[in-house]
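Take a look at the structure below.
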Amino acid sequence: MATDGFTTCLWYDGQAEEAANFYVSVFKNSGIGKVARYPEGAMQPAGSVMTVEFTANGHKFLALNGGPQFKFTEATSFMIFCENQEEIDYYWEKLTEGGGEPGPCGWLKDRFGLSWQVVPDSLDAMVTDPDPAKAARVTKAFMEMGKFDIAALEKAYVG
């Protein structure tokens, strides 16, 4: 069994290198690794980017230019847990720029169609509080939000 964790493969239609560079620019502890190119006679033009290995926030990825057959869906998303509103604002702005789409309840799609959840660290503790009234107020509040507002969530939590 592999002992060095998982690598997430992301399928693109000609945007693998652009996407890898974008994610590396957004997240700390990131970098580009090996770039493989299609050889003569392959399914894509010879010399075009086939795969890009990259790390974003310490997580390993492989961006693959596989063609138009597959698209991202909301069934898979990456969660970014944020310490404060400044981090939420940063990731929300960066990941929606250039054609990304804001969504409900902290969800968004970046310009490549990949789904992200930008979530305050404190949300889990609030929605699992043993006091069902507190948990219900927070849940109701976040269900009405797009980008999370920590101050509003805390206000709902205390009643």
Side-chain angles (χ1 to χ4, degrees), residues 5-38 43-45 47-128 137-157:
F6 295 98
T7 298
T8 301
C9 181
L10 301 172
W11 181 293
Y12 295 92
D13 183 18
Q15 301 168 308
E17 191 169 31
E18 178 186 352
N21 285 318
F22 173 67
Y23 300 130
V24 166
S25 76
V26 171
F27 296 98
K28 296 176 184 173
N29 192 20
S30 301
I32 300 290
K34 295 177 190 172
V35 176
R37 300 193 176 275
Y38 279 103
M43 60 188 254
Q44 299 290 338
S48 65
V49 172
M50 179 171 54
T51 61
V52 179
E53 294 177 10
F54 70 100
T55 303
N57 199 28
H59 184 88
K60 295 183 298 184
F61 290 90
L62 179 79
L64 165 69
N65 277 329
Q69 297 89 332
F70 301 108
K71 305 284 185 215
F72 297 122
T73 74
E74 293 83 356
T76 301
S77 62
F78 291 95
M79 297 179 77
I80 305 168
F81 292 96
C82 301
E83 290 182 28
N84 53 48
Q85 192 65 46
E86 182 180 16
E87 280 190 0
I88 288 174
D89 295 345
Y90 169 81
Y91 288 116
W92 194 268
E93 179 183 324
K94 290 294 185 183
L95 291 169
T96 58
E97 76 183 10
E101 301 172 12
C105 305
W107 289 63
L108 62 86
K109 285 185 183 178
D110 66 28
R111 66 181 179 227
F112 303 103
L114 190 60
S115 292
W116 298 85
Q117 297 178 57
V118 183
V119 182
D121 282 337
S122 58
L123 184 64
D124 183 59
M126 289 190 274
V127 298
T128 60
R137 286 192 306 267
V138 171
T139 300
K140 182 181 184 311
F142 86 68
M143 294 297 285
E144 296 171 1
M145 294 179 183
K147 178 177 70 172
F148 280 122
D149 178 337
I150 294 175
L153 292 171
E154 290 171 347
K155 183 178 178 183
Y157 182 70

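In this text, all values refer to a predicted model and were calculated from it rather than measured experimentally.
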**Centroid separation F27 to Y90 less than 6.0 Å** =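 Here the rings of Y90 and F27 have centres that are no less than 6.0 Å from each other.
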**Prompt:** Can the ring centroids of F78 and F61 be said to lie less than 6.0 angstrom from one another?
**Reply:**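 Centroid separation for F78 and F61: below 6.0 Å.
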Atom pair [atom1] ([X]) and [atom2] ([Y]), whose distance is rounded to the nearest 0.5 Å:
| X | Y | atom1 | atom2 | result |
| --- | --- | --- | --- | --- |
| W107 | S77 | CH2 | OG | 3.5 Å |
| I80 | L108 | CD1 | CG | 7.0 Å |
| F72 | F112 | CZ | CZ | 9.0 Å |
| F81 | D121 | CZ | CG | 7.5 Å |
| L64 | C9 | CG | SG | 5.0 Å |
| T8 | H59 | OG1 | NE2 | 2.5 Å |

**Item:** Evaluation steps, side chain to side chain contact (heavy atoms under 4.5 Å, CB included), between R111 and F22
**Value:** CA-CA 10 Å; R111 66 181 179 227; F22 173 67; 3.3 Å; yes
**Prompt:** Taking it one step at a time, do L153 and M145 satisfy side chain to side chain contact (heavy atoms under 4.5 Å, CB included)?
**Reply:** CA-CA 10 Å; L153 292 171; M145 294 179 183; 3.7 Å; yes
**Request:** Give me the one residue out of E18, K34, E17 that meets side chain to side chain contact (heavy atoms under 4.5 Å, CB included) with V52.
**Result:** E17
Tell me, yes or no, whether the heavy-atom count around [X] atom [atom1], taken from other residues, nucleotides or ligands under 6.0 Å, exceeds 12.
| X | atom1 | answer |
| --- | --- | --- |
| E86 | CD | no |
| E83 | CD | no |
| M143 | CE | no |

**Request:** Would you mind reporting whether W92 and P102 have side-chain heavy atoms less than 4.5 Å apart?
**Result:** yes
**Request:** Decide yes or no for K109 and L114: does some side-chain heavy atom of the first lie under 4.5 Å from some side-chain heavy atom of the second?
**Result:**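 No. Closest side-chain heavy atoms not under 4.5 Å.
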**Request:** Could you go through the side chain to side chain contact (heavy atoms under 4.5 Å, CB included) check for V118 and F148 one step at a time?
**Result:** CA-CA 8 Å; V118 183; F148 280 122; 6.0 Å; no
**Request:** Run the numbers on V35 and R37 for side chain to side chain contact (heavy atoms under 4.5 Å, CB included), then give the verdict.
**Result:** CA-CA 7 Å; V35 176; R37 300 193 176 275; 4.3 Å; yes
**Request:** Check the side chains of S115 and E74 for a donor-acceptor pair under 3.5 angstrom, ignoring hydrogens and angles.
**Result:**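 The criterion, which ignores hydrogens and geometry beyond distance, is not satisfied for S115 and E74.
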Which atom of [X] lies closest to which atom of [Y], heavy atoms considered:
| X | Y | value |
| --- | --- | --- |
| C105 | F142 | SG-O, 3.7 Å |
| A56 | S30 | CA-OG, 3.2 Å |
| Y38 | P45 | CB-O, 3.6 Å |
| L95 | V26 | CD2-CG1, 4.3 Å |
| T7 | L62 | CG2-N, 3.8 Å |
| N84 | I150 | C-CD1, 3.4 Å |

**Request:** Please confirm whether the backbone N or O of R137 pairs with a side-chain atom of T139, one donor and one acceptor, at under 3.5 Å?
**Result:**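 No, because the side chain of T139 does not come within donor-acceptor range (under 3.5 Å) of the backbone of R137.
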**Asked** Would a distance-only check, ignoring hydrogens and angles, find a side-chain to backbone donor-acceptor pair under 3.5 Å from N65 to T51?
**Response** no
**Asked** Is any side-chain N of the basic residue among K94 and D110 closer than 4.0 Å to the acidic one's carboxylate O?
**Response**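 No, this pair does not count.
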